[in-house]
Amino acid sequence: MKGSGKASVLPGFGLSLGFTVLYLSLIVIIPLASVLIKTAGMSFSEFWAAVTNARVLAAYKISFLTALLAAAVNVVFGLLVAWVLVRYRFPGKRLVDSIVDLPFALPTAVAGIALTSIYAPTGWIGSLFEPLGIKIAYTPIGITIALIFIGLPFVVRTVQPVLQDLDQDVEEAAVMLGAYRWRTFRKVILPELAAPLMTGFALAFARGIGEYGSVVFISGNMPMKTEIAPLLIMTKLEQFDYEGATAIALVMLIISFALLLVINYMQWRYSRRLKTG
């Protein structure tokens with residue numbers, strides 16, 4: 001930087017920007033562009049028939065609804081986990097904190113097999129619900145549980161640092177002025193956590209839409225019932241239907257991108273309202 005008297009560790013703006021654009025092009029832009037290029041060879045009628053097939057629509061519904069529900073559940077319980085880790089001291093706290101990151105390190109196939117064995121009708125937990133007529137594995141409930149498992153760290157790790165940086169003097173002042181705990185949480189703490197909660201929700205939702213390894217075992221893969229869109233894409237690839245696979249992938253990409261834009265816009269509007277307010 002000019003006038004600082006110290007040499008910058010990173011290269012200049014032009015070189016840094018060039019490396020950034022090159023890296024993003026190789027990792028993100030070019031692979032996504034290949035999806036567009038592959039589907040460009042299809043006529044509109046062929047594309048529309050491929051993405052509006054009854055089986056495909058059912059797969060979209062399963063993927064998006066379970067990912068949405070799992071992300072919503074993780075917002076609530078991810079906040080609870082982050083709150084406990086930040087605000088309380090207890091034996092084994094570091095162990096619990098490390099367990100939160102386990103879905104990041106654990107291979108998704110291993111997680112899927114483990115969840116299936118636990119929630120299957122003969123599993124430890126599934127056997128408890130089986131007499132009640134509640135089936136968890138091989139149903140959308142099982143898919144949602146798998147997505148909750150892999151999405152929880154996104155919410156916890158997004159909210160945790162914000163909680164750590166919150167000034168507790170403001171909370172104490174609210175209590176001294178007569179505010180109850182719930183009112184203090186709702187009026188003082190929650191507004192500060194809204195933006196990171198939205199970010200954690202978006203990350204968990206995006207991960208859930210494209211998740212394959214942890215879901216493919218517990219879903220049962222029944223067409224029209226528990227077949228997820230990523231599995232349908234893999235099925236079409238195995239059948240050498242590359243255009244059909246990329247058409248489904250393109251629709252998922254567009255819907256996911258639109259939803260993320262909406263969530264980010266809501267987050268931006270909320271942050272702006274807090275600053276102006």
Side-chain angles (χ1 to χ4, degrees), residues 55-82 99-121 123-126 129 134-160 196-235 248-249 251-264 267:
R55 181 178 176 183
V56 175
L57 293 177
Y60 287 148
K61 182 179 179 181
I62 288 293
S63 293
F64 283 100
L65 288 183
T66 54
L68 186 66
L69 179 58
V73 171
N74 276 329
V75 165
V76 177
F77 291 96
L79 173 59
L80 178 61
V81 172
I99 291 175
V100 171
D101 291 327
L102 188 59
F104 285 151
L106 192 66
T108 55
V110 175
I113 294 172
L115 290 172
T116 304
S117 63
I118 293 173
Y119 289 101
W124 296 344
I125 299 178
F129 289 90
I134 301 175
K135 190 175 181 181
I136 298 178
Y138 318 124
T139 67
I141 300 175
I143 298 174
T144 304
I145 291 174
L147 297 183
I148 291 173
F149 173 81
I150 57 100
L152 179 64
F154 290 99
V155 178
V156 175
R157 295 311 184 206
T158 305
V159 174
Q160 194 173 4
L197 282 173
M198 289 183 187
T199 302
F201 173 87
L203 292 173
F205 177 67
R207 171 67 188 274
I209 291 174
E211 180 60 22
Y212 176 80
S214 63
V215 177
V216 68
F217 295 102
I218 199 171
S219 66
N221 309 322
M222 292 179 285
M224 308 294 295
K225 294 182 179 180
T226 61
E227 186 178 45
I228 57 174
L231 175 63
L232 187 55
I233 293 173
M234 289 294 299
T235 302
I248 298 173
V251 172
M252 290 192 66
L253 175 64
I254 293 173
I255 297 176
S256 302
F257 190 69
L259 290 173
L260 289 177
L261 279 180
V262 171
I263 294 172
N264 287 329
Q267 180 182 355

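Keep in mind the model is a prediction, meaning the values are calculated, not measured.
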Looking at side-chain heavy atoms only, is the closest gap between [X] and [Y] below 4.5 Å?
X: Y60; Y: I248; value: yes
X: F205; Y: L68; value: yes
X: T199; Y: L203; value: yes
X: L261; Y: F257; value: yes
X: W124; Y: S117; value: no
X: I228; Y: E211; value: no
X: F217; Y: V110; value: no

Identify the two heavy atoms, one from [X] and one from [Y], that lie closest to each other, and give their separation to 0.1 Å.
X: G151; Y: A204; value: O-CB, 3.8 Å
X: P153; Y: P103; value: CG-CG, 3.7 Å
X: L232; Y: A59; value: CD2-CB, 4.0 Å
X: P196; Y: T158; value: O-CG2, 3.2 Å
X: V215; Y: A146; value: CG2-CB, 4.2 Å
X: L79; Y: V155; value: N-CG1, 4.2 Å

Spatial distance of atom [atom1] ([X]) from atom [atom2] ([Y]) [nearest 0.5 Å]:
X: E227; Y: K61; atom1: CD; atom2: NZ; result: 14.5 Å
X: L253; Y: I209; atom1: CG; atom2: CD1; result: 10.5 Å
X: I136; Y: I145; atom1: CD1; atom2: CD1; result: 5.0 Å
X: L152; Y: R157; atom1: CG; atom2: CZ; result: 9.0 Å
X: S214; Y: I150; atom1: OG; atom2: CD1; result: 5.5 Å
X: Y119; Y: I218; atom1: OH; atom2: CD1; result: 7.5 Å

Mind checking what makes side-chain contact (heavy atoms from CB on, under 4.5 Å) contact with V216, not counting sequence neighbours?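 side-chain contact (heavy atoms from CB on, under 4.5 Å) list for V216, sorted by chain: Y212, N221, L231.
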
Listed by chain and number, what are the side-chain contact (heavy atoms from CB on, under 4.5 Å) partners of A70, not counting sequence neighbours? T144, L147, I148

Can you sort out the partners of F149 under ring pair (Phe, Tyr, Trp, His ring centres under 6.0 Å), two or more places apart, ordered by chain and number?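 F149 satisfies ring pair (Phe, Tyr, Trp, His ring centres under 6.0 Å) with no other residue.
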
Test side chain to side chain contact (heavy atoms under 4.5 Å, CB included), reference T226, set T66, I141, I143, I62, output is I143

How are the rings of F104 and F154 set relative to one another: parallel (under 30°), tilted (30 to 60°) or perpendicular (over 60°)? perpendicular

Hey, mind stepping through T116 and Y138 against side chain to side chain contact (heavy atoms under 4.5 Å, CB included) and telling me if it holds? CA-CA 8 Å; T116 304; Y138 318 124; 3.5 Å; yes

